Structures are given as C-alpha cells and as structure tokens.
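Heads up: the structure comes next, in structure tokens.
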Amino acid sequence: MGKKAPKNGGNGNAPTFLKLRFQVLERDGFRCRYCGRSVEDGAKLQLDHVHPKSKGGKWERNNLITACQECNLGKGDRVLQARAELKAV
C-alpha cells in the first residue's frame with residue numbers, strides 16, 4: 001500500500017524517496033514522458049502521479065512518471081496517457 005508523502009516531497013524517509021525518484025527518472029530516460037524534453041532541453045523534471053493523488057493515487061513506482069514542470073502543471077489532476085505508453089521508453 002502506498003504512503004502519503006509529506007509536503008517536503010518524501011514519505012518520511014528522505015533516502016527512500018530520493019531512491020524512488022532516481023529510479024523513476026532513470027526508468028524514463030531522464031525525459032518528460034509527455035513531451036520528451038530533458039534537462040539538456042531546459043526542462044525542470046518532476047515526478048507526476050499517473051493516477052492523481054487527489055483521486056487516490058499512491059506514491060508507488062508504477063504510479064509515478066517523469067514529467068517536465070510545464071506538462072505536470074498543465075496536466076493538473078487529470079489522468080492522461082503518457083507518451084511513453086505509446087512508445088517504449
């Protein structure tokens with residue numbers, strides 16, 4: 001069962017959260033799964049909940065994807081199909 005993350009972005013255990021964040025970024029090739037941008041393109045990468053937290057989404061690896069700040073903020077709490085679901089990462 002996923003844990004609710006505190007406002008500092010972790011789940012009460014910073015090393016565990018940082019490890020999870022790195023695993024998701026690495027899995028996604030350090031690119032936004034919506035638009036494909038990377039840090040080299042000037043993107044600020046964040047974790048996004050596929051199933052939004054506001055709708056019961058959990059802090060679990062299979063519910064997290066890499067998103068650039070622009071895509072993540074534009075998405076809000078909607079459930080969208082990530083680009084990488086159409087094309088293998």
Side-chain angles (χ1 to χ4, degrees):
M1 183 167 154
K3 296 180 175 142
K4 182 177 179 181
K7 293 182 185 196
N8 69 2
N11 64 3
N13 185 344
T16 301
F17 172 76
L18 294 175
K19 182 178 177 181
L20 174 65
R21 182 177 188 274
F22 184 79
Q23 288 172 343
V24 173
L25 289 166
E26 184 176 47
R27 178 198 66 202
D28 296 343
F30 296 92
R31 293 191 165 277
C32 175
R33 294 219 6 218
Y34 296 111
C35 71
R37 291 176 59 217
S38 70
V39 174
E40 289 82 15
D41 302 319
K44 181 176 179 182
L45 299 177
Q46 304 177 338
L47 294 186
D48 179 37
H49 290 80
V50 175
H51 187 81
K53 292 183 300 182
S54 64
K55 298 185 184 333
K58 307 291 183 197
W59 280 93
E60 297 173 341
R61 188 173 190 257
N62 65 351
N63 189 46
L64 296 169
I65 62 171
T66 303
C68 69
Q69 185 173 15
E70 291 83 2
C71 287
N72 195 19
L73 294 176
K75 174 187 168 267
D77 69 349
R78 294 176 292 180
V79 178
L80 301 176
Q81 183 176 23
R83 176 181 177 190
E85 290 176 18
L86 301 173
K87 176 181 133 185
V89 175

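These numbers come from a predicted model, not from an experiment.
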Exercise for review: Evaluate side-chain contact (heavy atoms from CB on, under 4.5 Å) for Lys58 paired with Lys53, printing each intermediate quantity in order.
Suggested key: CA-CA 6 Å; Lys58 307 291 183 197; Lys53 292 183 300 182; over 6 Å; no
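- When all heavy atoms of Cys32 and Ala67 are compared, the pair lying nearest together is SG-CA, 3.7 Å.
- Taking Arg21 as the reference, nothing meets the salt bridge (Lys or Arg N to Asp or Glu O under 4.0 Å) condition, with sequence neighbours excluded.
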**Study point:** Residue pair Leu64, Val50: steps toward the side-chain contact (heavy atoms from CB on, under 4.5 Å) verdict
**Key:** CA-CA 6 Å; Leu64 296 169; Val50 175; over 6 Å; no
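- The structure places CZ of Arg33 at 12.5 Å from SG of Cys35, a figure rounded to the nearest 0.5 Å.
- Residues His51 and Asn63 share a closest heavy-atom pair of N-OD1, 2.7 Å.
- Take Glu70 and apply the side-chain hydrogen bond (donor to acceptor under 3.5 Å, both in side chains) test, not counting sequence neighbours, and it matches Arg37.
- Pairing each heavy atom of Asn72 with each of Gln46, the nearest pair is ND2-OE1, 2.8 Å.
- With 3.5 Å as the limit, one finds a donor-acceptor pair spanning the side chains of Asp48 and Tyr34.
- Considering every non-hydrogen atom in both Trp59 and Leu47, the closest pair reads CZ3-CD1, 4.4 Å.
- Nearest approach of Val24 to Arg61, heavy atoms of both residues: CG2-CG, 4.2 Å.
- Note that CZ of Arg31 and CG of Leu25 are 13.0 Å apart. Values are rounded to the nearest 0.5 Å.
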Check your understanding: Going through the checks in order, is the side-chain contact (heavy atoms from CB on, under 4.5 Å) test met by Arg27 and Ile65?
Key -> CA-CA 9 Å; Arg27 178 198 66 202; Ile65 62 171; 3.9 Å; yes
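- Distance check: Cys71 SG to Leu45 CG gives 10.0 Å after rounding to the nearest 0.5 Å.
- Between Phe22 and Phe30, the distance from one ring center to the other falls under 6.0 angstrom.
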